[in-house]
There are 2 protein chains.
Amino acid sequence: MGLTKSEIFTDEQNEIAAIAKVLGHPARIAILDYIIKLKSCVCGDLVKEIGLAQPTISQHLKELKKVGILKGTIEGTSVCYCIDDENWKEINNKLSKFLSKNPTESCC
Amino acid sequence: MGLTKSEIFTDEQNEIAAIAKVLGHPARIAILDYIIKLKSCVCGDLVKEIGLAQPTISQHLKELKKVGILKGTIEGTSVCYCIDDENWKEINNKLSKFLSKNPTESCC
DNA sequence: CCACTTAATCGTAATATTACAATAAATAAA
DNA sequence: TTTATTTATTGTAATATTACGATTAAGTGG
């Protein structure tokens, strides 16, 4: 046990969950907040800005990249992380679609 | 280690993450899908509908209740779970607000 | 009261996540 | 080449999550 039974859910359910899961950590929200605020790429000052060790930030960035929210381009010795606008839109659509599913009136 | 350093993030960041975290499991998405689809309360047939053991479903329901997405009312020997419409709206707003933060043009 | 049904809780095993020190890899600058 | 600088990776400890069997709790019907 301890392992999610993905096989019993639909692809859509697994996908929504996977996206939400990545957004389910304050460090990753903070990283996105920071990158979005600067409106441009950000490199290793995330480590200074957010109070976490460099390997930890690197790990979080990796997860954000894995679901496609971020993309990183190497710039000399540092790496520039940005929002992947296309994917962000798609992710936004998918989550919004899910969130707008609610019936107006629940029974209890 | 292994414990999230919530203190170093803003309340808003922690809140968004907490909501997303709960949505970050396909079983909980499936539960919500089912409850929303029926447009009315659902009791223990979630256990039949979704292929997970009763204690597991119960655990997931508890987490959905914890962040306020669901509310459960006892009906005789069974329990009726519904979307908490007020909270759902608020959660929708908070997530939508976060997702609409993205600048139109990223740098890389 | 006694069986039955339904859901919550407890205990626990398996796995995942979070965080970081240590180290490696890769480029830049001297 | 050597030395910084920057980021990724590896290894690992602490904690959290997921899932479920066993049990408990609480109501229903006989």
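What you are looking at is a predicted structure, and each value in this text was computed from that prediction instead of being measured. Just so we're on the same page: letters track the sequence lines, and every chain starts at 1.
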Does B:Leu52 reach a base, just sugar-phosphate, or nothing at all? Heavy atoms under 4.0 Å.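 Sugar-phosphate only.
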Applying a 4.0 Å non-hydrogen cut-off, can you work out what B:Glu63 is touching in the nucleic acid: base, sugar-phosphate, or nothing?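 Sugar-phosphate: the residue B:Glu63, judged by heavy atoms under 4.0 Å, touches backbone atoms but no base.
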Out of C:dT18, D:dT9, C:dT9, which nucleotide sits closest to the side chain of A:Arg28?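 The answer is C:dT18, which lies nearest to the side chain.
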Gap between atoms [atom1] and [atom2], on [X] and [N] respectively (whole Å):
| X | N | atom1 | atom2 | result |
| --- | --- | --- | --- | --- |
| B:Ile29 | D:dT18 | CD1 | P | 12 Å |
| B:Ile31 | D:dA19 | CD1 | P | 10 Å |
| B:Ile50 | D:dC20 | CD1 | P | 12 Å |
| B:Lys62 | C:dT9 | NZ | C1' | 7 Å |
| B:Lys66 | D:dT18 | NZ | P | 10 Å |
| B:Lys48 | C:dA7 | NZ | C1' | 13 Å |
| A:Ile57 | C:dT17 | CD1 | P | 18 Å |
| B:Asp45 | C:dT5 | CG | P | 16 Å |

Toward the 5' end of DNA chain D, which comes first, A:Ser6 or B:Ile74, by nearest nucleotide?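 Final value for this comparison: A:Ser6.
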Between A:Phe9 and A:Lys65, just flag the one whose closest nucleotide in DNA chain D comes earlier from the 5' side.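 Looking at the nearest nucleotide for each, A:Lys65 comes out on the 5' side.
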Report the residue (B:Lys5 or A:Thr4) whose heavy-atom-nearest nucleotide on DNA chain C is the more 5′ of the two.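 Closest to the 5' end, via its nearest nucleotide, is A:Thr4.
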On DNA chain C, compare the nucleotides closest to A:Thr56 and A:Thr77; which residue's is nearer the 5' end?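 Upstream on the strand: A:Thr56.
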Drop me the distance from A:Ile57's CD1 to A:Tyr81's OH, to the nearest 0.5 angstrom.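 Rounded to the nearest 0.5 Å, the CD1-OH separation comes to 11.0 Å.
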Once you round to the nearest 0.5 Å, how far does CG of A:Asn14 lie from CD of A:Glu12?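 Answer for the CG-CD pair, A:Asn14 versus A:Glu12, is 10.5 Å.
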For the residue pair B:His25 and B:His60, does the interplanar ring angle fall in the parallel (under 30°), tilted (30 to 60°) or perpendicular (over 60°) class?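 The rings of B:His25 and B:His60 sit tilted, inter-plane angle from 30° to 60°.
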Mark yes or no for a side-chain to base donor-acceptor pair under 3.5 Å between B:Gln54 and C:dA8, with no hydrogen or angle criteria applied.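 It does, because a donor-acceptor pair links the side chain of B:Gln54 to the base of C:dA8 below 3.5 Å.
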Can you tell me if [X] touches the phosphate of [N], counting only side-chain N or O atoms and a distance under 4.0 Å to OP1 or OP2?
| X | N | answer |
| --- | --- | --- |
| A:His25 | C:dA19 | yes |
| B:Ser78 | C:dT6 | no |
| B:His60 | D:dT17 | no |
| B:Tyr81 | C:dA8 | yes |
| B:Lys21 | D:dT17 | yes |

Which heavy atom of B:Leu61 sits nearest a heavy atom of B:Leu46, and at what distance?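 So the minimum-distance heavy-atom pair works out to CD2-CD1, 4.0 Å.
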Identify whether the distance between the nearest side-chain nitrogen and carboxylate oxygen of A:Asp84 and A:Lys65 falls below 4.0 Å.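 Answer for the salt bridge query: no.
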Close side-chain approach of B:Leu23 to B:Leu95, heavy-atom, < 4.5 Å: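 They are in contact (side-chain heavy atoms under 4.5 Å apart), so the answer is yes.
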